Chemist: 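So that we are looking at the same thing, I have put the structure below in structure tokens.
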Amino acid sequence: MRQNRCQQMNKTKRFWSLLVAALVLGNAGSYAAARKIMPPTTPADIKPPAGNSAFLVGHAVGTQGYVCLPTSTGASWTVIGSRPEAILSASFSRRDFEITHFLSPDTNPNEFAPTPLPFGSPTWRSSRDGSVVWAKALTPPVASGSDASCPNTGAIPCLLLQAIGSKTGPSGGRGMSKTTFIQRLNTNGGSAPAAGCSASTDVGKQALVPYTADYYFYAPQR
């Protein structure tokens, strides 16, 4: 009788162990599916090459900075590229974190980095692990308002950028340093001012123009 009770208890334990394991696996599968990044369809010019897949998306809120500089006919806001300053809201492994986007010197260039290196390159730094990626824009961009992935007329263009350098975080984190390509999509705002920089007397003026965008980060496909 006692032996039968023990056998029954063992069967019950095995049942509950199997049930818990099934629930854990089911939840893990659901989470893996939920966090899969699905970028929108884009024109071929700003689509990353085959063999790369999106692993992270961040929504940026910030500014594009412009400096009025002289030209042969007066002055312009667009003699040099704009300077981005933004915070990207992102999520990974059920944890929300921020990515800081700014311009900085590429201190660890890879084989795709231009020679000589520019004064500063677009930079993304993760608050999650301190990892960093630098990138350069590939041409041609996609004009805002010309595609569903870049729908807002008058905004800064949508881009494909290629990683030109990266750095792991202080504890070896590779959240950003594994990036190969970045898409800037769904831009809104950020374009150079329409006025205020046309004459030599305007040279030296600065403007910060608010913008938002979605950034998709790609890594080699597993």
Side-chain angles (χ1 to χ4, degrees), residues 27-62 81 83-139 141-142 149-150 157-187 212-222:
N27 288 337
S30 298
Y31 173 60
R35 71 175 183 175
K36 186 176 181 181
I37 306 299
M38 298 293 292
T41 301
T42 62
D45 286 338
I46 59 170
K47 183 178 179 180
N52 295 275
S53 59
F55 71 92
L56 184 67
V57 59
H59 179 69
V61 177
R83 187 185 190 102
E85 290 185 12
I87 299 295
L88 282 63
S89 301
S91 179
F92 189 78
S93 295
R94 297 183 179 179
R95 289 182 59 190
D96 295 333
F97 67 102
E98 293 180 340
I99 300 167
T100 309
H101 179 33
F102 55 101
L103 207 66
S104 74
D106 184 349
T107 59
N108 190 32
N110 62 22
E111 67 270 28
F112 302 111
T115 303
L117 286 169
F119 165 76
S121 297
T123 311
W124 292 262
R125 184 192 303 274
S126 169
S127 67
R128 184 171 178 262
D129 62 10
S131 58
V132 179
V133 62
W134 292 272
K136 66 178 179 183
L138 302 178
T139 53
V142 168
S149 64
C150 199
C158 293
L159 301 172
L160 176 64
L161 302 102
Q162 183 175 27
I164 59 170
S166 63
K167 189 169 65 174
T168 57
S171 299
R174 297 184 62 249
M176 305 305 297
S177 61
K178 63 185 177 183
T179 303
T180 51
F181 291 90
I182 303 167
Q183 283 179 314
R184 183 178 76 184
L185 305 177
N186 193 31
T187 54
T212 61
D214 294 328
Y215 289 86
Y216 290 84
F217 298 86
Y218 289 75
Q221 215 161 28
R222 294 182 181 179

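Please read all numbers here as calculations on a predicted model, not as lab measurements.
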Chemist: Between Ala135 and Ile182, what is the shortest heavy-atom contact and its length?
Modeler: CB-CD1, 4.1 Å
Chemist: Can you give me the closest heavy-atom contact between Ser149 and Thr41, atom names plus distance?
Modeler: CB-O, 3.6 Å
Chemist: Taking all atoms of both residues into account, what is the closest heavy-atom pair of Leu160 and Pro48, and its distance?
Modeler: CD1-CG, 3.9 Å
Chemist: Is there a donor-acceptor pair under 3.5 Å between the side chain of Gln162 and the backbone N or O of Thr180?
Modeler: no
Chemist: Is a side-chain donor-acceptor pair under 3.5 Å present for Asp106 with Ser121?
Modeler: no
Chemist: Report the distance from atom CD1 of Ile99 to atom OG of Ser127, rounding to the nearest 0.5 Å.
Modeler: 7.5 Å
Chemist: Would you indicate whether the side-chain heavy atoms of Met176 and Val132 approach each other to under 4.5 Å?
Modeler: no
Chemist: Would a 4.5 Å heavy-atom cut-off, applied to side chains only, mark Pro39 and Gln183 as touching?
Modeler: yes
Chemist: Using 30° and 60° as the class limits, which term best fits the ring planes of Tyr215 and His101: parallel, tilted or perpendicular?
Modeler: perpendicular
Chemist: Please name all residues satisfying side-chain contact (heavy atoms from CB on, under 4.5 Å) with Pro141, sequence neighbours left out, ordered by chain then number.
Modeler: Pro157, Leu159
Chemist: Distance check, rounded to the nearest 0.5 Å: Cys150 atom SG versus Ile46 atom CD1?
Modeler: 6.5 Å
Chemist: Can you find a pair of side-chain heavy atoms, one from Pro105 and one from Leu117, that are under 4.5 Å apart?
Modeler: no
Chemist: Main chain of Val133, side chain of Ser166: is a donor-acceptor contact present, judged purely on distance under 3.5 Å?
Modeler: no
Chemist: Could you give me the CA-CA distance, side-chain angles and deciding distance for Ser104 and Trp134, then say whether side-chain hydrogen bond (donor to acceptor under 3.5 Å, both in side chains) is met?
Modeler: CA-CA 8 Å; Ser104 74; Trp134 292 272; 3.0 Å; yes
Chemist: Treating Asp214 as the side-chain partner and Asn186 as the backbone partner, does any N or O pair qualify as donor plus acceptor under 3.5 Å?
Modeler: no
Chemist: Taking all atoms of both residues into account, what is the closest heavy-atom pair of Cys158 and Leu185, and its distance?
Modeler: SG-CA, 3.8 Å
Chemist: Would you say the side chain of Val57 lies within less than 4.5 Å of the side chain of Leu88, judging by non-hydrogen atoms?
Modeler: no
Chemist: Under a 4.5 Å cut-off applied to non-hydrogen side-chain atoms, are Thr179 and Trp124 in contact?
Modeler: no
Chemist: Sequence neighbours left out, what passes side-chain contact (heavy atoms from CB on, under 4.5 Å) with Ile87? Give chain and number order.
Modeler: Glu98, Thr100
Chemist: Can you find a pair of side-chain heavy atoms, one from Ile164 and one from Pro114, that are under 4.5 Å apart?
Modeler: yes
Chemist: Is there side-chain contact between Gln221 and Ser53, with heavy atoms separated by less than 4.5 Å?
Modeler: yes
Chemist: Walk me through it: do Leu138 and Phe181 pass the test side-chain contact (heavy atoms from CB on, under 4.5 Å)?
Modeler: CA-CA 10 Å; Leu138 302 178; Phe181 291 90; 4.1 Å; yes
Chemist: When rounded to the nearest 0.5 angstrom, what is the spacing between CZ in Phe55 and OH in Tyr218?
Modeler: 11.0 Å
Chemist: Tell me if a side-chain donor or acceptor on Asp45 pairs with a main-chain N or O of Val142 at a distance below 3.5 Å.
Modeler: no
Chemist: Taking the side chain as every heavy atom from C-beta outward, state whether Tyr216 and Pro40 have any atom pair closer than 4.5 Å.
Modeler: yes
Chemist: What's the separation between atom CG in Asp96 and atom OG in Ser91, rounded to the nearest 0.5 Å?
Modeler: 4.5 Å
Chemist: Does NZ or CZ of Lys136 fall inside the cone over Phe112's six-membered ring, less than 6.0 Å from its centre and within 45° of the axis?
Modeler: no
Chemist: Main chain of Arg128, side chain of Ser126: is a donor-acceptor contact present, judged purely on distance under 3.5 Å?
Modeler: yes
Chemist: Taking all non-hydrogen atoms of both residues into account, name the closest pair between Gly173 and Ser177 and its distance.
Modeler: O-OG, 4.2 Å
Chemist: Is there a side-chain contact (heavy atoms from CB on, under 4.5 Å) between Phe217 and Lys178 once you walk through the steps?
Modeler: CA-CA 9 Å; Phe217 298 86; Lys178 63 185 177 183; over 6 Å; no
Chemist: Using a cut-off of 6.0 Å, state whether more than 12 heavy atoms not belonging to Lys47 lie near its atom NZ.
Modeler: no
